[in-house]
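Read the numbers this way: they start at 1 and go in the same order the structure lists the ligands and their atoms.
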Amino acid sequence: MTLQDPVKRYPAITPPEQSLPGTGLDAEMTPKADLGEESYRGTGRLTGRKALITGGDSGIGAATAIAFAREGADVVISYLPEEEKDAQHVKEVIEADGRKAVTIPGDLRDKQFAKDLVAKAVEELDGLDILVNNGGKQVAQESIEDITDEQLEATFDVNILAQFRLVKAALPHLKPGATIINTTSVVSYMPPEKLVDYAATKAAINTFTKGLAQQLAPKGIRVNAVAPGPIWTPLQPSGGQQPEDLPEFGQSTPLGRAGQPTELAPAYVFLASPESSYVVGATIAVTGGMPTP
Ligand code: NAD
Ligand code: MG
């Protein structure tokens, strides 16, 4: 591969103020994000693996799903029913690569869905050996007084309680060599004042990951996390940032630009692949240079 300047790999975007409804769609973002459809090249690092990725319809989860498939894995993605359009795009890209992609819509706040999702994934893939807990909810608010009980509970339900429940449901199916990867965030270490509820869930994910990693290591199941910095995904223009903060999104990082979803994919591939056999309870920071502890 040719030498590539990470500062210039992607332009420093200045997204116009926008407010996408619901969880937002990749299909409706301005500018478009790079999920790696044209750029990600696999080298067989996950041949024959079976992966479940929550929030695999868009953003980081979609880029990870596409990369896993190009590395030889079959993939189940979960997402909300309103995100069907994005999910179908990911499915098409994966099927064009000759891998299996199964779409299972549902709400991660629903306890039963977490169980059913794992059961269906195991049935469709004939087993499961990679669980990526990536679905997430982020709603910026000026003041704690603006955070409703509904927002508070939904943020904890989706971001941390669902991860816990999915691991519990998946565990009976995971054999030695299986891996669990949880998506945390740089904000767990540097909580922005407008994201106090969200940042608290991400700190919980960090501690959950490290504790669980020790518990499951003797069984040969590795648990790790990826901590993204500011990445251009539907999460941000659908309430994750206040619209007036979008034009500067990611520009204060040392690389001077927001990250694109496909720039996260190699971290997930590494943690899922047997190459990372001695990496347990770790967090890979993909932050454009924002420091992490
Ligand atoms: P995204 O919007 O593309 O993905 C989040 C996904 O979560 C959605 O596509 C949706 O399918 C899923 N989701 C949300 N609520 C749900 C619910 N109730 N039921 C089922 N699924 C639900 O955005 P993304 O940025 O790619 O987010 C992926 C992960 O990355 C999240 O955990 C997010 O917190 C984390 N993260 C993102 C950034 C960033 O800057 N974009 C930074 C740090 C961490
Ligand atoms: Mg989505």
Here the atoms of ligand 1 under 4.0 Å from any heavy atom belonging to Thr233 are 23 (O), 24 (P), 25 (O), 26 (O), 41 (N)
Using a heavy-atom cut-off of under 4.0 Å, does the side chain or the backbone of Glu83 touch ligand 1, or both, or neither?
-> side chain
Rest of the hydrophobic cluster containing Leu195 (Ile/Leu/Val/Met/Phe/Trp/Tyr, side-chain heavy atoms under 4.5 Å)?
-> Val186, Val187, Tyr189, Met190, Tyr198, Leu235, Met290
Atom name in Glu83, limited to N/O/S, at shortest distance from the Mg ion (ligand 2) = OE2
Here the N/O/S atom of Asp57 closest to the Mg ion (ligand 2) would be OD2
Indicate yes or no: does an N/O atom of Asn134 lie under 3.5 Å from an N/O atom of ligand 1?
-> yes
Give a yes or no on whether a salt bridge exists between Arg109 and Asp107, defined as a side-chain N under 4.0 angstrom from a carboxylate O.
-> yes
Atom 30 (O) of ligand 1 sits nearest the protein heavy atom Thr183 CG2, 3.2 Å
Select one of side chain, backbone, both or neither to describe which atoms of Asp107 lie under 4.0 Å from any atom of ligand 1, heavy atoms only.
-> both
Can we say Lys85 and Asp26 salt-bridge, meaning some charged N sits less than 4.0 Å from an Asp/Glu carboxylate O?
-> no
Logged contact type for Tyr198 with ligand 1, heavy-atom cut-off 4.0 Å, is side chain
Are the charged groups of Lys91 and Glu84 less than 4.0 angstrom apart, N to O?
-> no
Does the distance from a Lys or Arg side-chain N to an Asp or Glu carboxylate O, for Asp74 and Lys50, drop under 4.0 Å?
-> no
